[in-house]
Amino acid sequence: MTKPRVIYWFRTDLRLHDSPALQAALDLDPAVLWPVFTFHSSMSITELNPKSKLFVLREGPQTLFKKLFKAWRVTHLVFEKDTDVYGRERDAVVVKAAEEAGVEVVVRSGRTLWDSDEVVKKNNGKPTMSIAQLQHAGERVGDIPRPIAAPKSLPDPGQMPVDFEQDEPDTQPDFNEPSREGKDTAYKDIAGPNGDFATETMEELGFPSATTSIRGGESLALKALGKIIEDKKYTATFEKPKTSPAQFEPQATTLLSPFLHFGALSVREFFWRVQDVVTEYGKGASSPPMSLTGQLYFRDMYFAAQAALGAPFHQTATNPYIRFVPWHLPSKRDITSGMVTGEYHVDSEEAEIWFKRWRNGVTGFPWIDALMRQLKQEGWIHHLGRHSVACFLTRGGCYVDWERGAEVFEEWLLDHEPACNAGNWQWLSCTAFFAQYYRCYSPISFGQKWDKEGALVRKYVPELKDLDKKYIYEPWKAPIADQKKAGVRVQGDGLGDREKGTYPKPMFDFPERRNVCISGLKKAYAVGLHGNDERVLNGTWRDLFPSPDEAEVMNEYDSDGGEHADRADQRTHDKGAQQVGKKRARNESVPEAPPKKQSKRQQTLNFRNK
DNA sequence: TAAATTGTTGGATCA
DNA sequence: GTGATCCAACAATTT
């Protein structure tokens with residue numbers, strides 16, 4: 001009886017601690033084990049076996065594995081379950097190839113507290129739309145597994161011939177093109193330019209160096225977690241709504257979300273390390289959903305909602321659980337499938353300008369601009385900061401479709417999880433999960449509440465750094481004398497080449513916009529359509545919003561199909577820098593990381609340099 | 001069953 | 001500075 005020859009495929013579990021799938025691979029007692037990654041990363045595997053390391057193969061898994069199975073005489077493929085929409089599609093292709101090659105596939109769940117598919121089953125097949133539902137379903141699934149110890153050793157890898165044709169991935173459309181300084185040369189050879197299965201460098205990918213200060217990898221994750229756990233009071237009494245979105249260096253929250261995203265830190269390990277502190281702390285500890293473990297419940301809730309709904313979870317059209325609101329800049333859709341295409345209609349030039357100014361951090365509202373610039377530079381902002389800017393773009397200011405905002409977050413957030421991103425945008429836009437649309441974040445008061453001095457604004461909006469705190473959230477109110485004293489003039493619309501020493505005027509009157517939005521939401525709630533409604537899909541929803549001259553929510557919209565289709569096409573926004581998102585997520589051959597995500601690569605490289 | 005309560009994180013005003 | 005109250009009011013869950 002020959003021993004198994006196993007490929008261990010790293011995916012969203014870039015760690016050795018608490019990896020049920022890696023444990024399953026080792027339980028096979030393999031003769032050889034290849035730790036492979038079909039993208040880019042690195043790990044401290046060599047510490048366990050000097051002959052081994054993370055082997056990065058530069059080809060899409062859909063085409064690569066069927067060739068590897070044969071060339072390496074593989075008997076088993078082991079990996080961690082991925083319930084993302086793209087992940088499921090990709091894995092189905094790989095599993096089919098394995099079946100055809102007679103390779104046994106072993107899959108283990110480890111990305112969430114509970115297996116999301118099991119949660120859905122216990123929630124009667126429905127998406128978990130509240131924390132209570134998630135908690136009840138989770139209890140019925142069973143106890144959250146305790147973490148598994150990291151392996152003490154690893155088998156040798158086998159021979160790794162790559163003497164087969166490389167299938168060049170399809171790199172068009174290249175959504176990262178606007179961010180590249182050079183050409184993407186990462187795909188020249190399967191084993192890399194030196195044949196050593198090395199991680200791609202930034203230069204190979206054609207990207208400039210990263211701007212974020214965040215670094216990653218498993219050892220840094222465990223170190224950061226250890227430090228948090230040490231502070232028992234912080235850990236046990238943590239209440240998310242009481243942490244400040246204006247605090248930076250250090251941030252008020254744990255900053256562990258990027259590690260969770262890459263799987264460098266196990267969510268179960270996080271949970272139990274915290275839970276043990278909470279149990280020990282006893283009376284006075286906080287509890288879910290506000291507590292630290294409660295934050296992990298939200299993550300599981302969104303993952304299980306996505307597991308139940310699939311692709312429609314990421315859009316309004318066809319989604320029965322999302323309220324229809326006639327937002328500006330709605331997504332274009334494929335007429336037959338109803339799926340969004342990644343482009344959108346520009347129904348309002350004004351809204352398009354607002355969206356651009358929001359994205360670029362030049363709205364003229366310093367609190368919003370500081371957060372958007374921090375997001376772009378660091379790839380991370382505090383959860384309540386995300387609330388502020390998301391509310392502002394959608395139901396509390398611009399009345400722009402939440403799908404536009406979600407695309408920007410997808411591009412810039414280091415900790416971006418498709419499920420959490422879509423779910424939180426639905427929450428903030430009051431289209432699902434949350435409905436109190438009259439609770440609206442003010443771009444002035446909310447910042448003031450947390451940061452009277454305006455330190456976050458001064459850091460990320462340096463034009464205003466010397467402005468008196470009296471005007472720091474409302475610079476347009478500063479008398480000319482005060483502006484002069486601070487070396488800034490409030491003028492312009494923030495677009496194009498901004499004159500040095502200026503900061504833009506606010507792009508609208510916020511109280512006025514707030515009222516427009518709230519009445520728009522009120523109307524949309526009264527109409528009561530959901531994303532799967534036929535009238536939403538065929539455009540006759542317009543008949544239910546009857547007064548075209550009443551408010552902007554009554555503006556004429558174009559959606560695909562119907563008599564407006566031609567005009568809709570004419571007005572469609574050109575596919576440009578903003579059009580990141582759905583398509584990229586579906587195509588692993590397109591490098592996953594735009595510039596802000598470059599740190600993803602650096603963080604893993606840091607592993608060995610610790 | 002209908003009514004009351006609760007829901008991770010609002011703002012303005014006033015005591 | 002902090003807490004209570006109102007604002008105008010949704011939806012799920014509990015009682």
Side-chain angles (χ1 to χ4, degrees), chain A residues 113 123-124 126-139 236-247 251-254 257 271 274 278 285-302 305 320-325 365 367-368 371 381-397 420 423-453 469 473-474 509-530:
Chain A
L113 297 173
N123 198 45
N124 303 316
K126 290 189 281 198
T128 46
M129 301 303 288
S130 73
I131 276 296
Q133 285 177 9
L134 182 274
Q135 281 178 293
H136 294 146
E139 273 167 30
T237 63
F238 182 95
E239 287 182 70
K240 187 63 159 284
K242 291 186 180 167
T243 60
S244 169
Q247 198 179 313
Q251 288 84 353
T253 48
T254 68
S257 53
F271 178 89
V274 169
V278 168
S286 55
S287 37
M290 267 127 72
S291 66
L292 215 39
T293 54
Q295 308 311 304
L296 304 179
Y297 287 164
F298 278 102
R299 183 172 176 275
D300 259 52
M301 175 183 81
Y302 290 132
Y321 287 83
I322 298 185
R323 280 186 180 281
F324 172 76
V325 175
F365 294 95
W367 172 246
I368 300 296
L371 288 164
I381 50 175
H382 185 278
H383 191 63
L384 290 178
R386 301 181 196 197
H387 277 213
S388 256
V389 300
C391 179
F392 185 84
L393 181 70
T394 58
R395 67 177 167 88
C420 300
N424 277 316
W425 275 96
Q426 289 163 38
W427 184 298
L428 265 301
S429 62
C430 287
T431 50
F433 296 101
F434 184 74
Q436 288 161 278
Y437 53 77
Y438 44 88
R439 291 195 172 174
C440 181
Y441 289 85
S442 159
I444 296 138
S445 314
F446 194 68
Q448 244 154 12
K449 172 178 160 182
W450 295 102
D451 179 11
K452 302 263 185 300
E453 303 295 321
K469 67 178 178 184
Y473 292 103
E474 301 169 281
D509 179 76
F510 174 71
E512 189 185 291
R513 290 299 308 167
R514 181 184 178 279
N515 290 337
V516 169
C517 288
I518 287 179
S519 61
L521 264 290
K522 189 175 176 177
K523 174 72 182 172
Y525 268 67
V527 170
L529 296 179
H530 286 76

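Below, chains carry the letters A, B, ... as their sequence lines are ordered, and counting in each starts from 1. All heavy atoms count here, side chains included; hydrogens, waters and symmetry mates do not. Treat the numbers as computed from the prediction; the structure is a model and nothing was measured.
The nearest whole Å value for the distance from the CD atom in Q135(A) to the C1' atom in dT14(C) is 16 Å. The nearest whole Å value for the distance from the CZ atom in R395(A) to the P atom in dA9(C) is 15 Å. If you take CD of Q436(A) and P of dC7(C), they are 17 Å apart, rounded to a whole angstrom. Residue F433(A) contributes atom CZ, which lies 12 Å from atom P of dT13(C) at whole-angstrom precision. Atoms OH (Y525(A)) and P (dA8(C)) sit 19 Å apart, rounded to a whole Å. If you measure from atom CZ of F434(A) to atom P of dA9(C), you get 15 Å, rounded to the nearest angstrom. For I131(A) and dT13(C), the CD1 to P distance is 12 Å, given to the nearest whole Å.
Nearer the 5' end of DNA chain C, as judged by each residue's closest nucleotide, is the contact made by Y437(A), out of Y437(A) and A132(A).
Heavy atoms only, all atoms of each residue included: C440(A) and F510(A) are closest at SG-CZ, 4.1 Å. Residues F271(A) and L113(A) approach most closely at CB-CD2, 3.7 Å, considering heavy atoms.
The base-pairing partner of dT15(C), taking Watson-Crick or G-U wobble contacts with both distances under 3.5 Å, is dA2(B). Using N1 to N3 plus N6-O4 or O6-N4 for Watson-Crick, or N1-O2 and O6-N3 for G-U wobble, each under 3.5 Å, dC7(C) pairs with dG10(B).
Nucleotides dC6(C) and dT8(B), compared at atom C1', are 22 Å apart to the nearest Å. When the P atom is used for both dA9(C) and dT1(B), the distance is 28 Å, rounded to whole Å.
Here Y438(A) lies in heavy-atom contact (under 4.0 Å) with a base. Among the atoms of the strands shown, none is found under 4.0 Å from any heavy atom of K242(A). Q295(A) comes within 4.0 angstrom of a base, heavy atoms only. Nucleic acid contact for F446(A): sugar-phosphate only, since backbone atoms but no base atoms lie under 4.0 Å from a heavy atom of the residue. Base engagement by W427(A) is indicated by at least one non-hydrogen atom pair under 4.0 Å involving a base atom.
Every pair tested for salt bridge (Lys or Arg N to Asp or Glu O under 4.0 Å) that includes a residue from residues 432-446 of chain A fails, sequence neighbours excluded, so the list is empty.
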>> Working note: H382(A) + T243(A), criterion side-chain hydrogen bond (donor to acceptor under 3.5 Å, both in side chains); need CA distance, chi angles, decisive distance, verdict.
In response: CA-CA 9 Å; H382(A) 185 278; T243(A) 60; 2.8 Å; yes
> Does the side-chain contact (heavy atoms from CB on, under 4.5 Å) test come out yes or no for N424(A) and H383(A), once each step is laid out?
Replying inline: CA-CA 10 Å; N424(A) 277 316; H383(A) 191 63; 4.0 Å; yes
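Distance check: C391(A) SG to Y441(A) OH gives 7.5 Å after rounding to the nearest 0.5 Å.
A 6.0 Å sphere centred on NZ of K452(A) holds more than 12 heavy atoms belonging to other residues, nucleotides or ligands.
Think of the region where chain A sits on DNA chain B: with heavy atoms and a 4.0 Å cut, that region ends 5' and 3' at dG7(B) to dA12(B).
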